[in-house]
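Report on the structure given below.
Scope of the values below: all heavy atoms of this structure, side chains included, with no hydrogens, waters or symmetry mates. One-based numbering, in listed order, for ligands and for the atoms of each.
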Amino acid sequence: MPQTIDLRSDTVTKPSTAMLEAMTTAEVGDDVLGDDPTVIKLQERMARLFGKEAALYVPSGSMANQTAIKSQTESGDEIITHQDNHIYHYEGGAPAGLSGCSMRLLTGDNGQFTAKDVEAAIRPTDSHFPQSRLVVIENTHNRGGGSVWSLDRIREIHGVAREHDLRLHLDGARIWNACAVSGLPPADYAQYFDSVSACFSKGLGAPVGSAVMGDHDLIRRCHRYRKMFGGGMRQTGILAAAALFALDNNVDRLKTDHANAGKLARSLGEMPHLRIDPKSVESNILYFDLDANYMSAKELCDKMDSAGVRMLAIGPYRVRAVTHLDVSSNDIDHAIEIIGRIVRAR
Ligand SMILES: *Cc1c(COP(=O)(O)O)cnc(C)c1O
């Protein structure tokens, strides 16, 4: 039985032998007391990379986003974001549950909106209304098919936000993928945001962890909320070492994942019963739709699973595939062969 080609998510990667070696040899201390040297090294490096005063290592991307939201809002505030954003769908209702914030949801292609959309959503200053406080952008955009935001569009939104005294947060779980596509360094995006989150456990292949970046005051507040949310950890250097290893070894190779996703999309686009525009695939995430009279997404995923390819059914007729560092170009060729066999059988 050949190995399963797992395209469900870029979170399924397992730490390599070299990464595990870096973890077991890491210098550690008690990070809650602030003296884990490997965590300090990682946080300083992330602050530099994103052009911010400070960074904080946290256990998950959700905690990075939620400490940033909690630090910049009050109960009764409103967050302006896209209706397809991760903070709205996939973080357990945390903006409401932890920060008491409502969300004003914008529409727009590929998970993106415009400065005009933001301006139209801002509430008047009047005690009837929730207080507009924070704009959240996701780059690359997960449900938007891994789409990459243009810097111009971000700059325009920044202009409107500043004019109205709103703060800006970047959910940069996959900012590394955006940088690989645009060729821009993380700081070019981060300059327009008060807070930024970034994941080590997606395309970078670390087993655990994210970071949140901002000015000293903001990161002090995030530090307090990390503790409150239960994310203060002790000899955390073991995990931070994996993140440092990922920064050294797994950033430049993201282009390979994007090429693999492009190849998969082009082949799927030529298969019967499946619908995808390969030009819409910008990074490592792709979605395709099934003809409704063919079979459901779940049926197709079950068939693929039995044949050694795993993808996620995310709607009745919609399937997601994500490429990552544990999937080679050869694996993609194999996956294409297997899916081709299934869809041509019927
Ligand atoms: C994965 C992800 C997160 C964080 O998820 P965790 O599972 O909490 O680490 C945040 N935003 C986006 C866009 C993501 O894809």
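Here is the list of ligand 1 atoms found below 4.0 Å of a heavy atom in Glu138: 13 (C). Atom numbering of ligand 1 starts at 1 in the shown order; those under 4.0 Å from a heavy atom of Asn142 are 15 (O). Atom numbering of ligand 1 starts at 1 in the shown order; those under 4.0 Å from a heavy atom of Gly61 are 4 (C), 6 (P), 8 (O), 9 (O). The Arg174 neighbourhood of ligand 1 comprises atoms 15 (O), with distances under 4.0 Å to a heavy atom of that residue. Close approach of ligand 1 to Glu91 (heavy-atom distance below 4.0 Å) involves ligand atoms 10 (C). Atoms of ligand 1 found under 4.0 Å from any heavy atom of Ser60, numbered from 1 in the order shown, are 8 (O), 9 (O).
No hydrogens or angles considered: nothing links the side chains of Glu27 and Thr38 as a donor-acceptor pair under 3.5 Å. Between the side chains of Glu282 and Thr140, not a single donor N or O lies within less than 3.5 Å of an accepting N or O.
Residue Leu134 is not grouped with residue Leu168 when hydrophobic side chains (ILVMFWY) are merged at heavy-atom distances under 4.5 angstrom, including chains of intermediate members. The hydrophobic cluster containing Ile175 also contains Leu151, counting ILVMFWY residues as joined when their side-chain heavy atoms lie under 4.5 angstrom apart, directly or transitively.
Contacts between Lys202 and ligand 1, counted as non-hydrogen atom pairs separated by less than 4.0 Å, involve the side chain only. Contact annotation: for Ala173 versus ligand 1, heavy atoms closer than 4.0 Å belong to the side chain alone. The proximity of Asn65 to ligand 1, defined as any non-hydrogen pair under 4.0 Å, is limited to the side chain.
Between Tyr294 and His273, the ring planes lie parallel to each other; the angle is under 30°, not in the 30° to 60° tilted range. Ring pair His141/His82 is perpendicular by interplanar angle, where above 60° counts as perpendicular and below 30° as parallel.
Regarding atom 5 (O) of ligand 1, its nearest protein heavy-atom neighbour is His86 CE1, 3.7 Å. Nearest protein neighbour of atom 8 (O) of ligand 1, counting heavy atoms only, is Ser62 OG, 2.6 Å. Atom 11 (N) of ligand 1 has Asp171 OD2, 2.7 Å as its closest protein atom, hydrogens excluded (heavy atom only).
Residue Asp31 forms a salt bridge (Lys or Arg N to Asp or Glu O under 4.0 Å) with just one option from Arg234, Arg226, Lys227, and that option is Arg226. Applying the side-chain contact (heavy atoms from CB on, under 4.5 Å) test between Met304 and each of Ile5, Leu7, Val309 identifies Val309 as the sole match.
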